[in-house]
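Please read the structure below before turning to the comments.
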Amino acid sequence: MEEVSKLEQQRQEKLEKIKALGVDPYGSRMDGLELSTDIRAKYQEGVEGQKASCAGRIVLHRDIGKLIFMTLRDSSGTMQAGLSKGQLGDKWELIKLLELGDLVGVRGQLGRTKTGELTIWVEEIKVLAKALSQPPEKWHGLSDVEARYRQRYVDLWANPESMERFKKRIAIVASIRQFLSQRGFMEVETPMMQSQAGGAAAKPFITHHNALDMDLFMRIAPELYLKRLLVGGMEKVYEINRNFRNEGIDTSHNPEFTMMEIYQAYADYNIMMDLTEAMVSSLVEKYCESKTIAFGDMNIDFSTPWRRATYAELLKEHSGCDISDIAAIREKAKQLGINCVNKDDWVVINDVFEETVEESLVNPTFVIDYPAVLCPLTKRKTSDPQWAERFELFIGRMELANAYTELNDPAVQYENFKIQLRGQDETMATMDDDFITALKYGMPPAGGLGVGIDRLMMVLTGVKSIRDVVLFPLLKPNA
RNA sequence: GAGGGUGUAGCUCAGUAGGUAGAGCAACGCACUUUUAAUGCGUAGGUCUUGGGUUCGAGCCCCAACACCCUCACCA
């Protein structure tokens, strides 16, 4: 064991005293508990003198001698417990040993103090867990950013807004599932460990299976498996699960992040656009105060309909260049300081697009009809095959969603894979022959959509760091 | 990968010009039966992230390392 601080020693001594009183400092099951918010709601209905029981952590402690007030925090909020020596004389020695950070359960009669605070006047008290570590300061909470990520188990109760944010995330994901279920989508699970990492261009994590003596990749996307399910006859499927990408870490990238992918047979990217707008709007409606959400220095207006503008249109609007005028675009790229040497025209165009357009996409905007060469898994527009039926949704200058009309022609898909393989060694792209085989059995035309759930949570909760919406973001070990 | 910032008591933070380390909260002791960050009086609490260096003397200056934050780069 490591050395123990004086504060911890003092707490350890109290624990021993609790044991000496014949009380288990790590109590067991408690029945009949109610959440503090439920007790408040019940009391408002005028249930005078009713008994209630509640369990939580002591986050405030006011000792007035023969009377002690404790504020208990549970997952829903706080509840005051009042303990009087007159009523609890036989337990007073134990009660005096309880302190900030301890988990206790109380049962007693509801009432109000003369200042109007709803209070459980304690008749029974149970020690549920003695805290040996000193809790953070009661007023400021835990504000050290690193500590809040490393010790989320403290952050969640020391900073109520942190708990609220994660509860909101959980509720939003539940609402998404409900939204999709109501529309007939089935939630499925596809492999996280894959013998080849396909469906996106990203660097995968590599792991090893000992018994099979083979390397495996943590998935970078579920796409190719979900499409196999379309071939199998599942017409409306989705998956909400983790993807893993072995790339840089910053305020909008965590190495493991939650992706939702949705596929609908016989649909196209227009239907996925409508679905996205309807789903996110319903979440804003249900979980946000207004249709305008503050996000860093931005105010995002979620009012519908959201703008739908073509890639070429937006390029013209923000760079001043016509997409067919390669000379002008290369000139613009030079002005922007983009290195164009040995770069394909379309790559330069996309660099200029990212540099000039994405910066300005604050309110939800569907960027539609991408250059087909940038979209190896997307069906081309029949009216003009140089464009692909793809959209990306930008909100708050971030890419939040990516969707397309799925390419279901195995011959074209095969060629696209071959092209993609050239010069993409770092992404370890491989030919997925089995996926081509699946397409050869016939995949229905379909719309497919991917939504970055963490980023969606960022804009819906108004926080600028992905680490504030991921319970346990990746950090280096610090000891 | 580049640049900038932060690291001091359990927590939140000060620390002047390089001269014995400070406050609030928490803790400990005393008082108090309706408090709301309870209050009043008193006590104790430190490897100043780590390792070097300069100096008579370093929390402070210099070098290096580590972690975190921010910006940029990377990221279809």
Side-chain angles (χ1 to χ4, degrees), chain A residues 3-11 13-14 58-71 78 80-89 92 99-101 111-119 121 131-151 154-155 158-159 199-203 220-221 245-255 257 296 311 337-339 346-347 350-351 353-354 358 367 370-371 373-378 388 390 392 398-399 402 404 420 424 426-427 429 450 452 464-465 467-468 473-479:
Chain A
E3 61 184 282
V4 173
S5 74
K6 258 177 196 161
L7 289 170
E8 186 168 338
Q9 276 177 36
Q10 285 173 357
R11 283 175 172 260
E13 283 162 20
K14 287 187 184 178
I58 303 173
V59 291
L60 292 173
H61 186 271
R62 297 175 287 280
D63 184 342
I64 325 221
K66 296 186 180 65
L67 183 67
I68 294 174
F69 290 104
M70 297 174 177
T71 301
T78 58
Q80 177 165 273
L83 302 95
S84 99
K85 191 175 183 183
Q87 189 156 22
L88 295 160
W92 204 243
E99 60 193 323
L100 290 173
R112 289 196 185 271
T113 61
K114 66 183 181 190
T115 50
E117 180 77 16
L118 184 61
T119 302
W121 290 104
L132 293 173
S133 297
Q134 192 70 22
E137 203 213 6
K138 60 191 179 186
W139 188 241
H140 296 93
L142 187 64
S143 63
D144 180 70
V145 178
E146 185 177 353
R148 290 184 44 229
Y149 298 152
R150 287 192 194 280
Q151 298 187 285
V154 177
D155 173 53
N159 299 315
K203 292 173 215 164
I220 55 175
R245 296 189 182 178
N246 205 340
E247 291 160 359
I249 297 178
D250 62 31
T251 48
S252 58
H253 295 81
N254 196 53
F257 62 100
Y311 187 92
I338 296 168
N339 178 16
W346 284 113
V347 175
N350 202 44
D351 285 350
F353 183 90
E354 289 181 357
E358 295 187 359
V367 180
Y370 276 68
V373 293
L374 300 175
C375 314
L377 296 157
T378 311
R390 170 182 181 181
E392 287 194 359
M398 279 191 303
E399 179 195 334
N402 181 20
Y404 22 91
Q420 195 185 9
Q424 289 222 1
E426 68 169 11
T427 63
K464 284 290 282 180
S465 173
R467 295 175 208 101
D468 290 321
L474 185 72
L475 297 175
K476 289 189 181 182
N478 75 338

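Every chain is numbered from 1, with letters handed out A, B, ... down the list of sequences. Bear in mind the structure is a predicted one, so any value in this text is a computation, not a measurement.
- Annotation: B/rG22 and B/rA14 have their C1' atoms spaced 7 Å apart (nearest Å).
- Atom C1' of B/rC13 sits at a distance of 36 Å from the matching atom of B/rU33, rounded to the whole Å.
- The residue A/Glu117 sits close to a base: some heavy atom pair falls under 4.0 Å.
- When base pairs are accepted only as Watson-Crick or G-U wobble with both N-N or N-O distances under 3.5 Å, RNA chain B takes part in stems of 3 or more pairs at B:1-7 with B:66-72, B:10-13 with B:22-25, B:27-31 with B:39-43, B:49-53 with B:61-65.
- A/Leu374 has its CG atom 15 Å from the C1' atom of B/rC75, to the nearest Å.
- Atom pair A/Phe257:CZ and B/rA76:P shows a separation of 11 Å (rounding to whole Å applied).
- Following rounding to the nearest Å, A/Leu60 (CG) and B/rU35 (C1') show an atom-to-atom distance of 11 Å.
- Atom CD in A/Glu358 sits about 11 Å away from atom P in B/rA76, given to the nearest Å.
- Ring pair A/Tyr311/A/Phe353 is parallel by interplanar angle, where below 30° counts as parallel and above 60° as perpendicular.
- For A/Phe69, the ring pair (Phe, Tyr, Trp, His ring centres under 6.0 Å) criterion is met by A/Trp121, not counting sequence neighbours.
- To the nearest 0.5 Å, atom CG of residue A/Leu100 and atom CG of residue A/Leu60 are 7.0 Å apart.
- Residue A/Thr251 is classed as a sugar-phosphate contact, given heavy-atom separations below 4.0 Å to backbone atoms only.
- Closest to the A/Ser465 side chain, of the nucleotides B/rA67, B/rU35, B/rC70, is B/rC70.
- For A/His253 and B/rC75, the NE2 to P distance is 10 Å, given to the nearest whole Å.
- Scored by the side chain to side chain donor-acceptor pair (under 3.5 Å) test, A/Glu354 finds A/Asn350 as partners (sequence neighbours excluded).
- Using a 4.0 Å heavy-atom distance criterion, A/Tyr370 is classed as making no nucleic acid contact.
- For B/rA64 and B/rG57, the P atoms lie 23 Å apart once the distance is rounded to whole Å.
- A/Arg148 has its CZ atom 11 Å from the P atom of B/rC69, to the nearest Å.
- Regarding A/Leu475, its CG atom lies at a distance of 14 Å from the C1' atom of B/rC66, rounded to whole Å.
- Sequence order on RNA chain B of the closest nucleotides to A/Pro376 and A/Glu146 puts A/Glu146 first from the 5' end.
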Heavy-atom contacts, protein to nucleotides 28-34 of chain B, under 4.0 Å, summarised as B (base), S (sugar-phosphate only) or - (none) per nt, yield S---BBB
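- With 3.5 Å as the limit, one finds a donor-acceptor pair spanning the side chains of A/Arg390 and A/Asn402.
- Minimum interatomic distance between A/Arg62 and A/Thr71 (heavy atoms only, all atoms of both residues): NH2-OG1, 3.3 Å.
- A donor-acceptor contact under 3.5 Å is formed by the side chain of A/Asp250 with the base of B/rC74.
- Closest approach of A/Ala158 and A/Leu142 over heavy atoms only: CB-N, 4.1 Å.
- One P atom belongs to B/rA9, the other to B/rG4, and the distance between them is 26 Å to the nearest Å.
- Applying the salt bridge (charged side-chain N to carboxylate O under 4.0 Å, His left out) test to pairs two or more places apart or on separate chains, those with a residue in residues 134-149 of chain A are A/Glu146-A/Arg150, A/Arg148-A/Asp155, A/Arg148-A/Asp468.
- Put simply, CD1 on A/Ile249 is 15 Å from C1' on B/rC70, counting in whole angstrom units.
- As judged by a 4.0 angstrom heavy-atom cut-off over every strand, A/Gln80 is placed among the base-contacting residues.
- B/rG1 and B/rA58 are spaced 34 Å apart, taking the P atom of each and rounding to whole Å.
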Protein N or O to nucleotides 8-12 of chain B N or O, pairs below 3.5 Å:
from	atom 1	to	atom 2	distance (Å)
B/rC11	O2'	A/Glu137	N	2.9
B/rC11	O2'	A/Gly141	O	3.3
B/rU12	OP1	A/Ser143	N	3.1
B/rU12	OP1	A/Asp144	N	2.9
B/rU12	O3'	A/Ser143	OG	2.9

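- Nucleotides B/rC62 and B/rU16 are separated by 14 Å at their P atoms, to the nearest Å.
- For the pair A/Arg62 and B/rU35, the criterion of a side-chain N or O lying under 4.0 Å from OP1 or OP2 is not met.
- Nucleotides B/rC60 and B/rG53 have their C1' atoms positioned 15 Å apart, rounded to a whole Å.
- Residue contacts shown for A/Arg245 are absent, as no nucleic acid heavy atom lies under 4.0 Å away.
- The separation of B/rU34 from B/rU50, taken at their P atoms, amounts to 48 Å, rounded to a whole angstrom.
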